[in-house]
Amino acid sequence: MRFARFVHAGGVSFGVVEGSDTGLTVAEIGSLPFEEVRFTGQRWALPDVRLLAPIFSSKVIGVGRNYADHAKELGNEVPKEPLIFIKPSTTVIGPNDAIRLPGVSKQVEHEAELAVVIGATGARRVDRAGAEKAIFGYTVGNDVTARDLQRSDPQWTRAKGFDSFCPLGPWIVTGLDVSDLEVRCEVGRNPDAMEVRQLGRTKDMIFDVPTLVSYVSHVMTLLPGDVILTGTPAGVSTIEAGDTVSCTIQGIGSINNPVVTLD
């Protein structure tokens, strides 16, 4: 199923996205996605609503250098265990929300990533089997990074933590095999002439999804709705005001975000 959070004339709701790509609708549910799905009977054509980031997260955990080609392009060694960091919940934005470039950075870059959403049970010190049970579903993430600040600061908090630096969406997909999916990022100013910047596959992760969930759960308790970004393939590059960044995961969909200068 595809679970979305959206704005409509009556307010904000969760819903299930149904139909084909040429005629998608969203059916409102009167529950959180983790709970038993209860349809309210209200339904909208997808173009008639505004999609938000699909879930509330107490925290977003990033994983660095989880693709060997990305580690190589930045001149880094492949880590011997997952390299994790935190992105504040205030970094999260949804489809079509603007990525805002801070004036203190001259090199803000995109990082298209598969994002894991933790389910109702959460996860604390789980093994691989427990990690798989703890996963609710998957969405598309963009771990926006101020690369110059990442190089200059001893820790990555500032480089990864600006407001708007974690687009998520367009919805959460459940029951998806993510062992070998295409990860793509396109950037451009003309929607008909976007440049492919990143093109990789999840099979090339150094640490797979259950390993990452288990590892993180031994460091911190994962709560329902928490998100783990699983790393990015090679091809990261600078984005500028006026660009649009489109991140796509096979089997999930795309999230598009314009880039603006922070006033």
Side-chain angles (χ1 to χ4, degrees), residues 21 51 53 60 62-76 78 83 85 87 91-102 105-116 138-151 156 159-171 173 178 180-206 227-262:
D21 291 341
L51 293 179
V60 177
V63 179
R65 304 170 190 168
N66 198 32
Y67 288 77
D69 56 358
H70 174 59
K72 182 179 179 180
E73 74 176 344
L74 296 183
N76 298 309
V78 171
L83 176 61
F85 56 89
K87 292 177 80 81
T91 61
V92 175
I93 58 175
N96 301 311
D97 291 337
I99 298 168
R100 304 190 297 276
L101 302 177
S105 174
K106 304 303 180 185
Q107 189 183 2
V108 176
E109 298 185 348
H110 56 81
E111 294 190 10
E113 310 201 5
L114 174 71
V116 181
Y138 304 90
T139 190
V140 182
N142 184 358
D143 176 21
V144 181
T145 303
R147 194 71 65 198
D148 49 354
L149 302 185
Q150 186 183 24
R151 293 192 181 101
W156 296 359
K160 301 281 191 177
F162 286 97
D163 290 354
S164 79
F165 270 27
C166 189
L168 293 176
W171 39 64
V173 175
V178 299
D180 185 16
L181 300 178
E182 182 182 274
V183 180
R184 175 187 294 261
C185 181
E186 298 173 282
V187 179
R189 302 194 174 204
N190 181 346
D192 297 321
M194 300 284 279
E195 176 188 358
V196 178
R197 300 277 185 90
Q198 292 180 273
L199 190 63
R201 301 199 70 85
T202 56
K203 68 180 178 63
D204 295 323
M205 288 182 189
I206 297 165
V227 170
I228 298 177
L229 303 174
T230 58
T232 197
V236 298
S237 60
T238 303
I239 54 178
E240 300 177 349
D243 287 340
T244 293
V245 183
S246 178
C247 297
T248 303
I249 305 290
Q250 179 184 359
I252 300 176
S254 300
I255 181 169
N256 302 320
N257 299 95
V259 182
V260 301
T261 300
L262 179 61

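When a residue number appears, it is its place in the shown sequence, counting from 1.
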Next item on the list: Ignoring hydrogens and angles, tell me if any N or O in the side chain of N66 forms a donor-acceptor pair with the backbone of V63 under 3.5 Å.
Entry: no
Notebook entry, point to check: CD1 of I255 to OG1 of T139: how many Å apart, nearest 0.5 Å?
Noted result: 7.0 Å
Next item on the list: Grab the two heavy atoms, one from R189 and one from A241, that are nearest each other, plus how far apart they are.
Entry: NH2-O, 2.8 Å
Notebook entry, point to check: Can you tell me how far CD1 of I239 sits from CG of L101, rounded to the nearest 0.5 angstrom?
Noted result: 5.5 Å
Note to self: Within the 3.5 Å criterion, strictly below it, is a donor on R201 or Q250 matched to an acceptor on the partner's side chain?
What the structure shows: yes
Note to self: Please find the pair of heavy atoms, one from V140 and one from A115, that lie closest to each other, and give the distance.
What the structure shows: C-CB, 4.4 Å
Next item on the list: Can you see which heavy atom on P95 is nearest to which on P170, and at what distance?
Entry: CG-CA, 3.8 Å
Notebook entry, point to check: Please walk me through it: do N257 and I93 pass side chain to side chain contact (heavy atoms under 4.5 Å, CB included)?
Noted result: CA-CA 9 Å; N257 299 95; I93 58 175; 3.9 Å; yes
Notebook entry, point to check: Are any of the side-chain nitrogens in K106 or D148 under 4.0 Å away from the carboxylate oxygens of its partner?
Noted result: no
Check: Checking W171 side chain against I252 main chain: does a donor-acceptor pair fall under 3.5 Å?
Finding: yes
Check: So do the side chains of V196 and R184 get within less than 4.5 Å of each other, counting heavy atoms only?
Finding: yes
Item checked: L168 side, atom CG; N142 side, atom CG - distance, nearest 0.5 Å -> 9.0 Å
Checklist line | Validation row: P233, H70 side chains within 4.5 angstrom (heavy atoms) | finding: no
Next item on the list: State whether a side-chain donor-acceptor pair under 3.5 Å links S246 with N256.
Entry: yes
Checklist line | Minimum-distance pair of heavy atoms, taken over all atoms of A98 and S164 | finding: O-CB, 3.5 Å
Next item on the list: Apply side chain to side chain contact (heavy atoms under 4.5 Å, CB included) to the pair T145 and K160, showing each step before the final yes or no.
Entry: CA-CA 5 Å; T145 303; K160 301 281 191 177; 2.8 Å; yes
Item checked: Closest contact, heavy atoms only, C185 versus C247 -> SG-SG, 4.0 Å
Notebook entry, point to check: Does the pair Y138 and L114 meet the rule for a side chain to side chain contact (heavy atoms under 4.5 Å, CB included), with working shown?
Noted result: CA-CA 7 Å; Y138 304 90; L114 174 71; 4.0 Å; yes
Note to self: Checking side-chain hydrogen bond (donor to acceptor under 3.5 Å, both in side chains) between S237 and each of H110, Q107, Q198, E73, which is the one that passes?
What the structure shows: H110
Next item on the list: Begin from the C-alpha positions of V183 and Y67 and carry the test side chain to side chain contact (heavy atoms under 4.5 Å, CB included) through to its verdict.
Entry: CA-CA 12 Å; V183 180; Y67 288 77; 4.2 Å; yes
Notebook entry, point to check: Say you draw a straight line from OG1 of T244 to CG of N96; how long is it, rounded to the nearest 0.5 Å?
Noted result: 9.0 Å
Notebook entry, point to check: Roughly how far, to the nearest 0.5 Å, is CD of E113 from OG1 of T202?
Noted result: 12.5 Å
Notebook entry, point to check: What closest approach, in Å, do V144 and P167 show between heavy atoms, and which atom pair accounts for it?
Noted result: CG2-CD, 3.9 Å
Notebook entry, point to check: Can you find a heavy atom in the side chain of F85 that is under 4.5 Å from one in the side chain of L229?
Noted result: no
Checklist line | Distance, nearest 0.5 Å, that separates CG of N76 from CZ of R65 | finding: 3.5 Å
Notebook entry, point to check: Less than 4.0 Å between a side-chain N and a carboxylate O, is that true for R197 and E111?
Noted result: no
Note to self: Just so I know, are the side chains of T261 and R100 near enough to count as touching, which here means a heavy-atom distance under 4.5 Å?
What the structure shows: no
Notebook entry, point to check: Would you say the side chain of V92 lies within less than 4.5 Å of the side chain of V60, judging by non-hydrogen atoms?
Noted result: yes
